[in-house]
Participant: 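Take this structure, written in C-alpha cells, and hold onto it; I'll ask about it next.
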Amino acid sequence: MIGHIAYASGAPCPTLVLDAQQFPRESGPLLETLTEVRRRLVLAGGAHLLKIALIEPSSHPLFDLDYRFIQALPDGVGRFDLRGSCGHSVLCSVMAAGRSGMLPRQGPGDRARVRVLNNGDHLVCETEETDRDTARCTMYFLHTPPVPVSGLLLRDEPQTILDVEDEKVTVSLVSSGNPYVFVGARDAGVRDSAELFAGGAGLFDRLQRIREAAARLFDWPADGAFPKIAVVVPDGPGRIAARAVTVPGWHPTLALTGAVCLGAASCIPETIPWLAARDAGSLGGQVNILTTGGSTAVTATTRVGDGRTELAWVAVGNKTVRFHGSFFPESLTYFQPREFGECLSLPA
C-alpha cells in the first residue's frame, strides 16, 4: 500500500492519507492493520502523526470521494477513536487524491464533493489557488435539505448544566461537523481573551474535566477524542475569541469542524456562542474567530422555513493545504525527493 502525507494550515499535526480499498472493511481487522501502520510510523519518528484518513472513489453518484476519519490517540499505538470527523484532514485527503490519481488534480475553480462516512456529513472543497505542492481552498459543509438549527442541539436545550466534580458548569452542547462542548468566560474561569490565551495547565485541566463530564453524559469514553471542547468569549466588535483542546493538548488554532460548529451554534438563540456573537455584534451568521494561531472567517447561511430557522450550509475560507509526499508504510520507503523524517517534521 502507499501512504500520503499532507498538512492543512492550523491543524495540530499532518494527516496520513491511505487508500481504503487496500484495508479490511470490518472494524476489528481494520484497526489491527492500522495499529501496525502506526507502530512503524512511531519507529520512524512519527508518533505525533495522530490523524489518519481512509479514502476511495465514492460509491454514491453525487459524490467524488468517500472519506473515513480515524483519530489516533497518543496513549498507545492500538488506540483509536472513529466517532467524529476532521475538516483539516478532508482538505489533506482531497489534495492527496489529486496527487495520487484517485481524483483529477484540482485547479482553481474545481470542486471535490466528499461524503464523510463517520457521520454522514456532505462537504465540498473548492480550490481557489494552487501550485505544485500547495492549494488554498474554501470548505463548504452542506445540509441538504436544510436542517432546523434547534436539531443541532445534543440535549434539545441551548444550555446544559453539567456536574463537574462538586461544581455546576453551564455549557452548550452542539453538533455540526463534530460534537462540541462550548464554555463561556465565567465557567472557564477567565475574564477576557487575554486571560483565555494566557491560560496554562490549570485552564487546560479544567476544560478536560468539563469535557469528560460531557462525554459521560452520552456514555462516550471519557478518555476518547469526542466531544471536542472550546471556550468562546466576545472580543470586540465583530469578533469572537476561541480556544480549544485537541488530542493531546491545546489546539494551535481551532479545528475546521470547530469553526463550523461555532458558526452554526451562533445561529441558535441563547447558546453560549450565540450570546458571544450577540455581545460582539455578529449575529447573522458571519463570525470572525480569533485564536492563538490567527483568525478565521466563518459564514453560516440560514433560511426561515415552516416558521423555524434552518441551516443550509457553513463555509470556512482561506484554508491552505500542502502535500508533503508519499511512502510505503510497510517499509517506510519514501519515494519523494526528501527524507522521510523531514516529511514528518511538521508543526505539532
Participant: Between CG of L54 and OG of S89, what distance do you get to the nearest 0.5 Å?
Facilitator: 11.0 Å

Participant: For residues K51 and Q71, determine if any side-chain heavy atom of one lies less than 4.5 Å from a side-chain heavy atom of the other.
Facilitator: yes

Participant: Indicate if L290 and W274 have the same hydrophobic cluster label, given that clusters are the connected sets of ILVMFWY residues with side-chain heavy-atom separations under 4.5 angstrom.
Facilitator: no

Participant: Tell me if a side-chain donor or acceptor on S9 pairs with a main-chain N or O of T320 at a distance below 3.5 Å.
Facilitator: yes

Participant: Rest of the hydrophobic cluster containing L73 (Ile/Leu/Val/Met/Phe/Trp/Tyr, side-chain heavy atoms under 4.5 Å)?
Facilitator: L50, V247

Participant: Does the R211 side chain pair with the main chain of P227, one donor and one acceptor, at a distance under 3.5 Å?
Facilitator: yes

Participant: Is the terminal nitrogen or CZ of R68 (NZ for Lys, CZ for Arg) located under 6.0 angstrom from the six-membered ring centre of F23 and within 45° of that ring's axis?
Facilitator: no

Participant: So do the side chains of T257 and D121 get within less than 4.5 Å of each other, counting heavy atoms only?
Facilitator: no

Participant: Using the six-membered ring wherever Trp is involved, compare the ring planes of F204 and W250 and label them parallel, tilted or perpendicular (cut-offs 30° and 60°).
Facilitator: perpendicular

Participant: Under the 3.5 angstrom rule, does the side chain of D192 hit a backbone N or O of E195 as a donor-acceptor pair?
Facilitator: yes

Participant: Indicate if V147 and V260 have the same hydrophobic cluster label, given that clusters are the connected sets of ILVMFWY residues with side-chain heavy-atom separations under 4.5 angstrom.
Facilitator: yes

Participant: Holding to side chain to side chain contact (heavy atoms under 4.5 Å, CB included), I want the full list of residues that pass it with A300, two or more places apart in sequence or in another chain.
Facilitator: C267, L311, V314

Participant: Please evaluate residues V287 and L262 with respect to the criterion side-chain contact (heavy atoms from CB on, under 4.5 Å), reporting the C-alpha separation (whole Å), side-chain torsions for both, the decisive distance (0.1 Å), and the verdict.
Facilitator: CA-CA 9 Å; V287 180; L262 199 163; 4.2 Å; yes

Participant: Please name the pair of heavy atoms, one in V164 and one in A213, separated by the smallest distance, quoted to 0.1 Å.
Facilitator: CG2-CB, 4.0 Å

Participant: Less than 4.5 Å apart, side chain to side chain, heavy atoms only: is that true for I52 and T15?
Facilitator: no

Participant: Side chains of T296 and L254: does their closest heavy-atom pair fall under 4.5 Å?
Facilitator: no

Participant: Return the minimal non-hydrogen interatomic distance between Y180 and A255, and the atom names on each side.
Facilitator: OH-CB, 3.4 Å

Participant: Describe, in one word, how the ring planes of F69 and Y67 are oriented to each other, choosing from parallel (under 30°), tilted (30 to 60°) and perpendicular (over 60°).
Facilitator: parallel

Participant: Out of curiosity, does F323 fall in the hydrophobic cluster containing L65 (side-chain heavy atoms, cut-off under 4.5 Å, transitive links)?
Facilitator: yes

Participant: Is R278 atom CZ crowded by more than 12 heavy atoms from other residues, nucleotides or ligands, each under 6.0 Å away?
Facilitator: yes

Participant: Please report the closest heavy-atom contact between R79 and R38, naming both atoms and the distance.
Facilitator: O-NH1, 3.4 Å

Participant: Would you confirm whether T246, through its side chain, and G249, through its main-chain N or O, come within 3.5 Å as a donor-acceptor pair?
Facilitator: no

Participant: Are L153 and V232 linked, directly or through intermediate hydrophobic residues, by side-chain heavy-atom contacts shorter than 4.5 Å (ILVMFWY only)?
Facilitator: yes

Participant: For H251 and T253, indicate whether the former's side chain and the latter's backbone hold a donor-acceptor pair under 3.5 Å.
Facilitator: yes

Participant: Quick one: are P146 and R303 in side-chain contact, heavy atoms under 4.5 Å?
Facilitator: yes

Participant: Can you tell me how far apart CZ (R136) and CG (D131) are? Round to the nearest 0.5 Å.
Facilitator: 11.5 Å

Participant: Would you say that L31 contacts L82 through its side chain, given a criterion of any heavy-atom pair below 4.5 Å between the two side chains?
Facilitator: yes

Participant: Can you tell me if CZ on R83 sees more than 12 non-hydrogen neighbours from other groups inside 6.0 Å?
Facilitator: yes

Participant: What are the two closest non-hydrogen atoms of A6 and V321, and how far apart are they?
Facilitator: CB-CG2, 4.3 Å

Participant: Is the shortest side-chain heavy-atom distance between R155 and F218 below 4.5 Å?
Facilitator: yes

Participant: Examine L103 and V90 and state if one hydrophobic cluster contains both, with Ile, Leu, Val, Met, Phe, Trp and Tyr joined whenever side-chain heavy atoms are less than 4.5 Å apart.
Facilitator: yes

Participant: Using the rule given for side-chain contact (heavy atoms from CB on, under 4.5 Å), can you reason through R206 versus V169, listing the C-alpha separation, both sets of side-chain angles and the distance that settles it, and then say yes or no?
Facilitator: CA-CA 11 Å; R206 177 171 179 78; V169 175; 3.9 Å; yes

Participant: Without swapping roles, check the side chain of R39 against the backbone of G78 for a donor-acceptor pair under 3.5 Å.
Facilitator: no

Participant: Keeping the roles fixed (side chain from S172, backbone from I272), state whether a donor-acceptor pair exists under 3.5 Å.
Facilitator: yes

Participant: Hey, is the main chain of P104 close enough, under 3.5 Å, to the side chain of Q106 for a donor-acceptor pair?
Facilitator: yes

Participant: How long is the straight-line distance from NZ of K319 back to SG of C125, given to the nearest 0.5 Å?
Facilitator: 11.5 Å

Participant: Of all heavy-atom pairs between E56 and D19, which one has the smallest distance, and what is that distance?
Facilitator: CB-OD1, 4.4 Å

Participant: Could you please spell out the steps behind the side-chain contact (heavy atoms from CB on, under 4.5 Å) verdict for E36 and E32?
Facilitator: CA-CA 7 Å; E36 180 61 19; E32 289 178 5; over 6 Å; no

Participant: Which atom names give the shortest non-hydrogen contact between L203 and L196, and what distance separates them?
Facilitator: CD2-O, 3.7 Å

Participant: Between T271 (side chain) and L275 (backbone), is there a donor-acceptor pair under 3.5 Å?
Facilitator: no

Participant: side-chain contact (heavy atoms from CB on, under 4.5 Å), that's the test. Do S176 and H143 meet it? Break it down for me.
Facilitator: CA-CA 10 Å; S176 182; H143 293 279; 3.9 Å; yes

Participant: Given the rule in the salt bridge (Lys or Arg N to Asp or Glu O under 4.0 Å) test, do E167 and R209 qualify, once you have shown the distances and angles that lead to the verdict?
Facilitator: CA-CA 11 Å; E167 183 182 1; R209 292 195 301 272; over 6 Å; no

Participant: Does either side chain, that of T138 or that of E128, offer a donor lying less than 3.5 Å from an acceptor on the other one?
Facilitator: yes

Participant: Any luck finding a side-chain donor-acceptor pair between S85 and N178 under 3.5 Å?
Facilitator: no

Participant: Taking atom CH2 of W313 and atom OG1 of T301, what is their separation to the nearest 0.5 Å?
Facilitator: 3.0 Å

Participant: To the nearest 0.5 Å, how far apart are CD1 in I289 and CZ in R243?
Facilitator: 16.0 Å

Participant: Between L34 and L18, is there a side-chain heavy-atom distance shorter than 4.5 Å?
Facilitator: yes

Participant: If you measure from CZ on F63 to NE2 on H122, what distance do you get to the nearest 0.5 Å?
Facilitator: 3.5 Å

Participant: Is a side-chain N or O of D306 found less than 3.5 angstrom from the main chain of R308, in a donor-acceptor match?
Facilitator: no

